[in-house]
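One structure is given here, and the rest of the page talks about it.
Below, all heavy atoms of this structure are taken into account, side chains as well, without hydrogens, waters or symmetry copies. We name chains A, B, ... by the order of the sequence lines, and we start the count at 1 in each one.
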Amino acid sequence: MVDPAEARRIQVRLCTAVSLMDDFGVLRQVAGVDVGFEEGGAITRAAVVVLQWPSLVLVEQILARRPTQFPYVPGLLSFRELPAVLDAFERLSRYPDLVFCDGQGVAHPRGLGIAAHLGVLTGLPCIGVGKSRLVGTHAEVANERGASTPLYLGDARIGCVLRSRKGVRPLFISPGHRVSQETAPRLVMQALTRFRLPEPIRAAHRLASAPAIARAAARMSGR
DNA sequence: GCGACAG
DNA sequence: ATCTTGTCGC
């Protein structure tokens with residue numbers, strides 16, 4: 001199995017394949033990706049949902065489960081979560097035109113967050129939607145829906161910090177693959193309804209964290 | 001050597 | 001991420 005040192009070498013090599021140019025046609029179906037765990041982390045659950053665009057109507061959902069084989073190491077998240085995500089992608093009846101992935105895109109120490117890694121491996125346009133910061137510096141973000149400020153790593157712009165709705169913690173948006181810095185936050189805004197997270201990510205999260213619901217139901221019915 | 005650190 | 005009830009705030 002790949003160890004952390006080897007994983008970092010793979011990232012340095014693969015990051016050269018990332019494209020930060022808009023390169024996709026008319027969007028008809030978009031996917032949302034998120035991962036959860038069972039058995040105290042022993043089992044990885046990857047959820048991939050497909051929504052019609054721009055209606056955001058759910059049209060397909062796939063859940064893949066497999067033994068976890070890599071620990072959580074900041075900066076190496078994709079090596080822990082992508083195996084299960086790729087299992088789920090193989091079962092899709094049709095590939096989406098764009099993917100929203102929970103986690104960073106190129107806003108990563110070596111430019112290959114999980115959304116960028118997924119984009120390079122599948123070849124699909126991908127956008128990283130992080131709920132918190134991994135790397136980079138930025139100015140304060142106005143407390144208004146749609147407000148944003150660029151995220152930098154040294155001189156390079158690696159993404160943006162976006163307030164998806166007033167009064168919530170901002171999202172860390174960065175291109176994953178075949179999407180530009182300007183377009184990524186625009187598409188995220190178009191995928192929002194009334195919640196902090198864009199709909200594709202919310203739908204994937206509901207499916208990936210289903211165990212929590214099962215446990216809640218068990219507790220209510222009789223422990 | 002001392003923090004920071006996606007999910 | 002996950003373990004977990006009620007509770008503070010808009």
Calculate the interatomic distance between [X] atom [atom1] and [N] atom [atom2]; express it in whole Å.
X	N	atom1	atom2	value
R206(A)	dA1(C)	CZ	C1'	19 Å
D34(A)	dA1(C)	CG	P	7 Å
R80(A)	dT2(C)	CZ	P	10 Å

Reading 5' to 3' and counting Watson-Crick or G-U wobble pairs with both distances under 3.5 Å, write the dot-bracket notation for DNA chain B, | for bases paired outside the strand.
.......
Looking across every strand, which nucleic acid part, if any, lies under 4.0 Å from [X] by heavy atom: base, sugar-phosphate, or nothing?
X	value
F37(A)	sugar-phosphate
G113(A)	base
G41(A)	nothing
L112(A)	nothing
H205(A)	sugar-phosphate

Please say which of V161(A), L171(A), L162(A) ends up in a side chain to side chain contact (heavy atoms under 4.5 Å, CB included) with S148(A).
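Of the listed residues V161(A), L171(A), L162(A), the side chain to side chain contact (heavy atoms under 4.5 Å, CB included) partner of S148(A) is L162(A).
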Among L187(A), V49(A), V33(A), I173(A), side chain to side chain contact (heavy atoms under 4.5 Å, CB included) partner for F100(A)
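Among L187(A), V49(A), V33(A), I173(A), the one meeting side chain to side chain contact (heavy atoms under 4.5 Å, CB included) with F100(A) is L187(A).
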Watson-Crick or G-U pairs under 3.5 Å in DNA chain C, rendered as dot-bracket with [ ] for crossing pairs and | for another strand
..........
Taking the six-membered ring of F37(A) as reference, does the NZ or CZ atom of R80(A) fall below 6.0 Å from its centre and within a 45° cone about the axis?
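Judged by the rule (NZ or CZ under 6.0 Å from the ring centre, within 45° of its axis), R80(A) counts as positioned above F37(A).
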May I ask you to decide if [Y]'s main-chain N or O and [X]'s side chain share a donor-acceptor pair within less than 3.5 Å?
X	Y	answer
D34(A)	A204(A)	no
R169(A)	R163(A)	no
R157(A)	G159(A)	yes

Using only heavy-atom distances, determine whether the side chains of E60(A) and S93(A) contain a donor-acceptor pair under 3.5 Å.
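Per modelled atom types, E60(A) and S93(A) side chains form a pair under 3.5 Å.
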Is it the case that atom CZ in F24(A) sees more than 12 heavy atoms from other parts of the structure closer than 6.0 Å?
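Buried by this count: over 12 neighbours within 6.0 Å.
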Are OP1 or OP2 of dA1(C) and a side-chain N or O of K131(A) less than 4.0 angstrom apart?
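It does, given that an N or O in the side chain of K131(A) lies less than 4.0 Å from OP1 or OP2 of dA1(C).
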Heavy atoms only: give me the nearest R66(A)-P83(A) pair and the separation to one decimal.
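In terms of heavy atoms, the two residues are closest at NH1-CB, 3.5 Å.
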Using the heavy-atom set of chain A and a strict 4.0 Å cut-off, write down the first and last nucleotide of DNA chain B that makes it in, 5' to 3'.
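Both ends considered, the range comes out as dA4(B) to dG7(B).
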Between CG on residue L86(A) and CG on residue L118(A), distance to nearest 0.5 Å
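Interatomic distance, L86(A) CG to L118(A) CG, rounded to 0.5 Å: 6.5 Å.
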Kindly indicate, with the supporting measurements, whether the criterion side chain to side chain donor-acceptor pair (under 3.5 Å) is fulfilled by E140(A) and T149(A).
CA-CA 7 Å; E140(A) 296 292 307; T149(A) 189; over 6 Å; no
